[in-house]
Amino acid sequence: MATIIEPFKIKVVEPIKMTTRAEREAAVRAAGFNLFKLRAEDVLIDLLTDSGTSAMSTHQWAGVMEGDDSYAGSRSWYRFEKVVKDLTGLRHVIPTHQGRAAERILFGILCKPGMTVPSNTHFDTTRANIEVTGAEALDLPCAEGKQPGLLAPFKGNMDVDALRKVLAERGRARVPLVMMTVTNNTGGGQPVSLANLRAARAVCDEFGVPFYLDACRFAENAWFIKQREPGQAGRTPTEIAKEMFSLVDGCTMSAKKDGLSNIGGFLCTNDDALAQQEKNLLILTEGFPTYGGLAGRDLEATAVGLEEVLHEDYLAYRQASIAYLADRLDRAGVPVVRPPGGHAVFLDAAAFLPHVPRHEYPGQSLAVALYLHAGIRSCEIGSVMFGKPNPAGGPEVPSRLELVRLAIPRRVYTQSHIDYVLESVLEVHAQRASLRGVRIAEASPHLRHFTARFEPLT
Ligand code: F0G
């Protein structure tokens with residue numbers, strides 16, 4: 001059978017609201033042309049993020065009912081801990097309310113001013129949690145990862161030669177850990193190979209530096225390894241995921257992605273002394289180490305989700321659905337990042353709107369146009385997010401790429417929703433010559449994309 005279907009049927013439905021163009025115009029104007037400021041109910045298809053937006057299964061909902069909210073030593077905690085230990089093989093499991101809480105605790109303990117944390121590419125909260133300690137967050141993406149149109153199997157990899165150079169120059173004392181983000185979200189949701197993980201591990205061993213995974217999308221990464229890495233086709237995603245974790249000394253995790261839950265995360269380590277410090281900090285701000293800021297039901301939902309996410313029929317459907325959208329767009333001449341990543345399709349807005357200069361934010365313009373045209377909410381990942389003031393004056397220094405991310409929530413939308421998105425992007429593409437840029441009318445100095453107000457240029 002050529003058609004890969006959703007490996008689930010629908011038991012509960014959540015209505016979505018159809019709006020008219022005039023209603024969307026009023027809504028986006030009131031939101032200052034910033035899609036983060038829309039009311040979600042005014043969005044038809046919400047592709048802002050794949051984080052915390054998964055649909056839970058019957059088994060997860062059953063787990064929710066079984067949730068034990070005892071303050072200390074709850075049954076749900078032991079279930080959660082067992083699943084995480086079986087998966088990761090790591091000795092200490094510390095529950096957190098989401099990924100960035102794990103990051104804050106880890107970097108808060110290990111990082112000091114003058115230190116550097118290398119990664120294939122840090123996600124923005126990871127970068128921010130490193131920088132707030134005074135340390136440097138250093139991205140070392142591989143060469144293929146820097147070319148959006150290039151077809152290569154593992155564009156999320158780290159440049160391991162560059163890593164060796166950094167470690168040789170700065171030494172163990174100035175590099176408290178090395179991170180690998182799987183999949184590489186900021187780089188387009190591109191996977192990292194086992195070979196690259198092993199090579200980075202070897203370099204970390206040479207210099208005695210701990211090696212960590214930012215494991216948010218570990219299952220999607222394992223699926224790409226199975227599909228693309230020589231010798232891996234015969235293994236299960238679970239076996240591959242376990243090998244990925246076996247190569248590291250610890251991990252941070254947002255269960256809002258491949259935990260298939262709406263909230264939750266964890267921090268793991270093999271270092272006994274570090275685990276003790278982390279638990280002390282956890283108690284201070286998150287909660288007792290057997291719940292870490294989560295309700296028992298969230299621990300249950302995540303425990304079930306971490307196992308379900310590795311089912312082959314689920315991963316095959318997930319990848320097929322995203323590849324379908326990206327391939328159809330590509331064939332129709334819409335510029336997209338290739339090959340498609342594991343959780344999103346990224347439109348190349350600079351190529352989509354070549355007549356809009358970078359300092360007029362083509363990504364923001366495209367994201368607003370998609371909402372106005374079809375009620376689809378996407379996310380600009382370009383110069384609104386990463387543009388920097390120009391020290392010489394004049395227009396800002398643009399970000400490396402101008403992307404618009406269509407992040408696909410897990411198990412939420414059906415094939416006809418995906419077809420609707422496809423048609424909508426094609427229709428906006430057909431009218432692209434009429435689109436104009438935007439200007440920033442008001443912005444905060446940090447993470448301005450969340451709150452900025454824009455004005456359309458005419
Ligand atoms: N690491 C990566 C690679 C992420 O993609 C995210 C979140 C985090 C860490 C932080 O996890 O949100 O649970 O605190 N990414 C979301 C996104 C927000 O839309 O890509 P969190």
Side-chain angles (χ1 to χ4, degrees), residues 35-36 40 46-54 94-108 117 119-132 137 139 141 145 155-158 177 179-192 212-221 224 244 248 250-268 282 285-286 292-294 298 301-302 305-306 309 322 337 341-346 363 367 377-382 384-386 403-410 412 447 449-450:
L35 304 185
F36 281 101
D46 203 345
L47 308 183
L48 185 66
T49 179
D50 64 319
S51 180
T53 51
S54 304
I94 292 164
T96 60
H97 79 271
Q98 61 185 88
R100 68 197 73 181
E103 293 163 6
R104 190 185 57 81
I105 291 172
L106 176 67
F107 301 134
V117 181
S119 170
N120 48 345
T121 314
H122 290 286
F123 180 66
D124 54 4
T125 61
T126 321
R127 167 174 290 281
N129 273 296
I130 291 168
E131 289 174 350
V132 80
D139 291 341
K155 291 170 75 175
N157 281 352
M158 185 186 285
L177 75 159
M179 287 211 94
M180 191 76 95
T181 311
V182 293
T183 57
N184 190 338
N185 183 7
T186 310
Q190 302 290 330
V192 176
Y212 272 65
L213 272 189
D214 175 341
C216 297
R217 300 178 180 85
F218 71 95
E220 289 165 6
N221 199 83
F224 282 121
M244 287 162 50
V248 296
C251 70
T252 57
M253 171 76 189
S254 168
K256 299 171 74 174
K257 286 84 170 172
D258 275 348
L260 294 178
S261 58
N262 303 121
I263 195 75
F266 53 85
L267 170 61
C268 293
L282 187 82
T285 58
E286 293 275 314
L294 293 166
D298 302 322
T302 302
L306 286 171
V309 77
I322 289 164
V337 174
H343 66 293
V345 173
F346 290 74
R377 176 156 67 173
S378 55
C379 183
E380 193 262 14
I381 302 190
V384 174
M385 211 177 254
F386 298 120
L403 302 179
V404 170
R405 185 178 76 168
L406 306 170
I408 313 294
R410 294 170 181 78
V412 170
L447 298 173
H449 54 282
F450 289 124

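Because the structure is predicted, anything quoted here is derived from the model rather than measured. For ligands, and for the atoms within them, numbers begin at 1 and follow the listed sequence. Quick note: numbers below take in every heavy atom, side chains included, and nothing from hydrogens, waters or symmetry partners.
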Partners passing side-chain hydrogen bond (donor to acceptor under 3.5 Å, both in side chains) against Asp46 (at least two apart in sequence or in another chain): Arg377
Sole residue of Leu47, Val345, Thr49 in side-chain contact (heavy atoms from CB on, under 4.5 Å) with Arg405: Thr49
Residue pair Leu403 / Phe346: nearest heavy atoms and the distance that separates them: CD1-CD2, 3.8 Å
Under the salt bridge (Lys or Arg N to Asp or Glu O under 4.0 Å) test, residues paired with Asp50 that sit two or more places apart: Arg217, Arg410
Sequence-distant partners of Arg127, salt bridge (Lys or Arg N to Asp or Glu O under 4.0 Å), two or more places apart: Glu131, Asp139
Neighbouring protein residues of ligand 1 - any heavy atom closer than 4.0 Å: Thr49, Ser51, Gln98, Gly99, Arg100, Glu103, Phe123, Thr125, Thr181, Asn185, Asp214, Cys216, Arg217, Ser254, Lys256, Lys257, Arg405
Atom pair CZ (Arg100) and CG (Asp124), whose distance is rounded to the nearest 0.5 Å: 8.0 Å
